[in-house]
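Chain identifiers are assigned alphabetically (A, B, ...) following the order of the sequence lines, protein sequences preceding nucleic acid strands; residue numbering begins at 1 within each chain.
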Protein chains: 2
Amino acid sequence: MITKVLIAEDHESANISVQKTLEELDITNIAYAYYCDDALNKITQAVKTDSSFDLLITDLYFEPDGHHQQLPGGMDLIDAARKVQPDLKILVFSAENRPAAIDQLCHNDGIDGFVRKARNDARELKEAIREIARHRRYFPRHVKQLMEKKNTYSFSEVDITIITLLAQGMLQKDIPTYLQRKGITPSGLSSIEKKLNQMKSVLGFSKNEQLVAYCKDIGVI
Amino acid sequence: MITKVLIAEDHESANISVQKTLEELDITNIAYAYYCDDALNKITQAVKTDSSFDLLITDLYFEPDGHHQQLPGGMDLIDAARKVQPDLKILVFSAENRPAAIDQLCHNDGIDGFVRKARNDARELKEAIREIARHRRYFPRHVKQLMEKKNTYSFSEVDITIITLLAQGMLQKDIPTYLQRKGITPSGLSSIEKKLNQMKSVLGFSKNEQLVAYCKDIGVI
DNA sequence: TCTTTTTTTACGGGAAACCGTAATGTTACG
DNA sequence: CGTAACATTACGGTTTCCCGTAAAAAAAGA
C-alpha cells in the first residue's frame with residue numbers, strides 16, 4: 001500500500017497536477033521538492049525518523065537556476081535515493097521523448113515505472129501508481145514501436161562524440177588525436193569519415209551541417 | 001473582466017494545473033481542448049452563440065497522434081482564432097525556451113502574454129491572467145536580457161537563408177544560383193563566404209557546423 | 001558629372017574534406 | 001596454428017571550402 005509520496009519536480013504546474021492525481025487516489029501524505037538535493041534530503045530524513053516514503057515520483061530534467069546543486073538531474077537523484085533507501089519505489093514522470101533514452105530507462109536503470117508527459121499523462125499516472133502499489137512495474141506499452149518509428153538510426157557513443165566535436169568547431173582532421181587521448185577506439189581519420197558517411201547515407205544526408213541540425217532537432221546533442 | 005476561458009493543451013496534466021490556477025482566480029467557466037482543431041471549433045461556436053471566450057490559454061506544440069488535424073500547432077490556432085474573434089485575449093503557455101523564438105512571439109505575433117513552463121509557472125500564470133484582465137500584456141521580464149546575452153549577433157534575412165540552406169545540405173558553391181533564382185542579393189559566392197565569415201568571427205566560431213548548432217539552439221532556424 | 005567610398009563579384013593558391021582503394025591489425029573458428 | 005572474416009588505418013586523387021587580393025559595380029558625396 002502506498003500512503004506517503006515524495007514529488008520531485010521543478011515545474012510548479014506539473015507538481016500541482018501530480019498532487020491532484022494523488023489526491024484522487026486518496027493519497028494525502030505528500031511532500032514536494034523543487035530541487036533534487038532537497039528531495040534526497042527529505043528521503044534521508046524520513047528514513048532516519050523511521051517514516052520513510054513509499055514512492056518517489058520524479059522528473060528527469062531539472063533546470064539550473066543559480067542555486068548550485070549536488071544532484072543536477074533526476075537520474076542522479078534516483079541513484080542516490082536507491083543507496084539511502086533500497087526498497088523505495090520510483091516512478092519517473094518526464095517529458096523525455098527520445099525512444100532510446102526511454103528504453104534505456106525502462107530496461108536498465110531499475111526503476112518501477114515511467115510515465116511520459118503527454119496527452120493522457122494524468123490517466124497514465126494513476127494507472128502507474130496503482131500498478132506499483134501492487135508491486136508491479138509500469139512502462140509504456142509501445143516503447144519498441146516508438147523506437148522503430150522515430151529513430152531511423154541509432155547513434156552510438158562514438159557517433160555522438162564525433163558530431164558533438166564537429167558542432168563545437170573541431171576540425172575533422174584533429175578528431176583522431178582527441179579520441180586517442182580519451183582512449184576511444186576507433187580513432188583513425190578514415191574510421192571517422194566512415195562513421196560520418198554511414199550516418200549520412202542512412203539518413204539521406206550529404207553534409208555534416210545536416211547531421212548537426214538533425215541531431216540538435218532530435219536532441220541527441 | 002475575464003470569466004470565460006478556453007484551455008488548448010494536449011497534456012492532460014498541464015491542463016489540470018491550468019484549470020486549478022484558474023479556479024484559484026475564481027474563474028469557473030472553463031472549456032478544454034486537447035486538439036487545436038477542437039479549440040478553434042469551440043471558439044467559433046461560442047462566437048456564433050454570442051457567448052464568446054474572454055481568454056484563450058494555449059500551448060504551442062501539440063503532439064501528432066494519428067488524428068489528422070487542420071491546425072498542427074498553437075501558432076496556427078492563434079492565427080485562425082484571431083480571424084474568428086479579433087478581440088480574443090491570447091496567453092501562450094509553453095515550454096519553449098529558445099530566446100529568439102520567445103522574442104519573436106512576444107514582439108511580432110500579437111499575443112497578450114507568454115508564460116514559460118518552468119519553475120514558478122503556476123505563479124506566473126496567475127500574474128499573467130491578472131495583468132491581461134487589466135488589458136495589459138504580460139511577458140517574461142528578462143527576455144531582452146536573455147536576447148542580448150545569448151544573441152551577440154543579429155542575423156539578417158540572408159544570413160538565416162544561407163544557414164538554413166547549409167543545414168538542408170546544399171553545397172556552398174550551389175547557393176549563389178539558388179539565391180539568384182529567388183532574386184536575393186547579394187548572391188555571389190564571395191559574398192556568401194564573407195557573410196559566413198562575419199557571423200563566425202563575431203560569435204567566435206571557426207566552422208559552419210558550429211553556426212548551425214548555435215542557430216538551432218537559439219531557435220533562429 | 002566626376003570622384004570617392006562602399007558593396008559585390010571574380011580569381012587563384014592552399015587547406016580541409018571527400019572518396020575509393022589498399023594495407024594492416026583483430027577477432028573468430030576449424 | 002592457420003586462415004578467413006571483419007574492423008581499423010593509411011594513402012592518393014579529386015572536390016569543396018577557406019582566405020586573401022583585386023576587379024567590377026553600385027552608392028554616396030561634392
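In this entry the distance linking CD of A:Gln210 with P of D:dT16 reads 15 Å, nearest Å. In this structure, B:Leu211 atom CG and D:dC17 atom C1' are separated by 15 Å, rounded to whole Å. Atom NZ in A:Lys194 sits about 15 Å away from atom P in D:dA10, given to the nearest Å. The nearest whole Å value for the distance from the CD1 atom in B:Ile192 to the C1' atom in C:dA10 is 14 Å. Across the protein-nucleic acid pair, B:Phe205 atom CZ and D:dC18 atom C1' stand 18 Å apart, rounded to whole Å. If you take NZ of A:Lys195 and P of C:dC18, they are 16 Å apart, rounded to a whole angstrom. Rounded to whole Å, atom P of D:dC19 lies 14 Å from atom CE of B:Met199. Between the CG atom of A:Leu179 and the C1' atom of D:dT9 there is a distance of 14 Å, rounded to whole Å.
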Anything under 3.5 Å between a donor and an acceptor, one on a side chain of residues 121-135 of chain B, the other on a protein residue two or more places apart or in another chain? List them.
{"from": "B:Asp121", "atom 1": "OD1", "to": "A:Glu12", "atom 2": "N", "distance (Å)": "3.3"}
{"from": "B:Asp121", "atom 1": "OD1", "to": "A:Ser13", "atom 2": "N", "distance (Å)": "2.8"}
{"from": "B:Asp121", "atom 1": "OD2", "to": "A:Ser13", "atom 2": "OG", "distance (Å)": "2.7"}
{"from": "B:Asp121", "atom 1": "OD2", "to": "B:Ala118", "atom 2": "N", "distance (Å)": "3.4"}
{"from": "B:Arg123", "atom 1": "NH2", "to": "B:Asn120", "atom 2": "OD1", "distance (Å)": "3.4"}
{"from": "B:Glu124", "atom 1": "OE1", "to": "B:Tyr138", "atom 2": "OH", "distance (Å)": "3.2"}
{"from": "B:Lys126", "atom 1": "NZ", "to": "B:Glu24", "atom 2": "OE1", "distance (Å)": "2.5"}
{"from": "B:Glu127", "atom 1": "OE2", "to": "B:Arg141", "atom 2": "NH2", "distance (Å)": "3.2"}
{"from": "B:Glu131", "atom 1": "OE1", "to": "B:Arg136", "atom 2": "NE", "distance (Å)": "2.8"}
{"from": "B:Glu131", "atom 1": "OE1", "to": "B:Arg136", "atom 2": "NH2", "distance (Å)": "3.3"}
{"from": "B:Glu131", "atom 1": "OE2", "to": "B:Arg134", "atom 2": "NH1", "distance (Å)": "3.2"}
{"from": "B:Glu131", "atom 1": "OE2", "to": "B:Arg136", "atom 2": "NH2", "distance (Å)": "3.0"}
{"from": "B:His135", "atom 1": "ND1", "to": "B:Lys89", "atom 2": "NZ", "distance (Å)": "3.2"}

Would you be so kind as to tabulate the donor-acceptor pairs closer than 3.5 Å made by side chains of residues 79-86 of chain B, with sequence neighbours excluded?
{"from": "B:Arg82", "atom 1": "NE", "to": "B:Gly110", "atom 2": "O", "distance (Å)": "3.2"}
{"from": "B:Arg82", "atom 1": "NH1", "to": "B:Pro86", "atom 2": "O", "distance (Å)": "3.3"}
{"from": "B:Arg82", "atom 1": "NH1", "to": "B:Leu88", "atom 2": "O", "distance (Å)": "2.7"}
{"from": "B:Arg82", "atom 1": "NH2", "to": "B:Gly110", "atom 2": "O", "distance (Å)": "2.9"}
{"from": "B:Arg82", "atom 1": "NH2", "to": "B:Asp112", "atom 2": "OD2", "distance (Å)": "3.4"}
{"from": "B:Gln85", "atom 1": "NE2", "to": "B:Phe53", "atom 2": "O", "distance (Å)": "2.9"}
{"from": "B:Gln85", "atom 1": "NE2", "to": "B:Asp87", "atom 2": "OD1", "distance (Å)": "3.4"}

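A cation-pi arrangement is absent between B:Arg137 and B:Phe114, since the terminal nitrogen or guanidinium carbon is not both under 6.0 Å from the aromatic centre and inside a 45° cone about the axis.
The side chain of B:Ser191 places no N or O atom within less than 4.0 Å of a non-bridging phosphate oxygen (OP1 or OP2) of C:dT8. B:Ser187 has a side-chain polar atom (N or O) that falls below the 4.0 Å cut-off from OP1 or OP2 of C:dT9. The side chain of B:Asn197 contributes no N or O atom lying less than 4.0 Å from OP1 or OP2 of D:dC18. Residue B:Thr185 has no polar side-chain atom (N or O) positioned under 4.0 Å from OP1 or OP2 of C:dT8.
Side-chain atoms of B:Arg116 never come within 3.5 Å of backbone atoms of B:Ser94 as a donor-acceptor pair (strictly under, hydrogens ignored). Proximity of a side-chain donor or acceptor of A:Asp159 to a complementary backbone N or O of A:Ser156 within less than 3.5 Å is detected.
With hydrogens and angles left out, the side-chain atoms of A:Lys200 and A:Asn208 include a donor and acceptor closer than 3.5 Å.
Using cut-offs of 30° and 60° on the angle between ring planes, the pair B:Phe205 and B:Tyr214 is perpendicular.
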query = For nucleotides 11-17 of chain C, read 5' to 3', which letter fits each nucleotide if B means a protein heavy atom sits under 4.0 Å from the base, S means only the sugar-phosphate is that close, and - means neither?
reply = B----SS
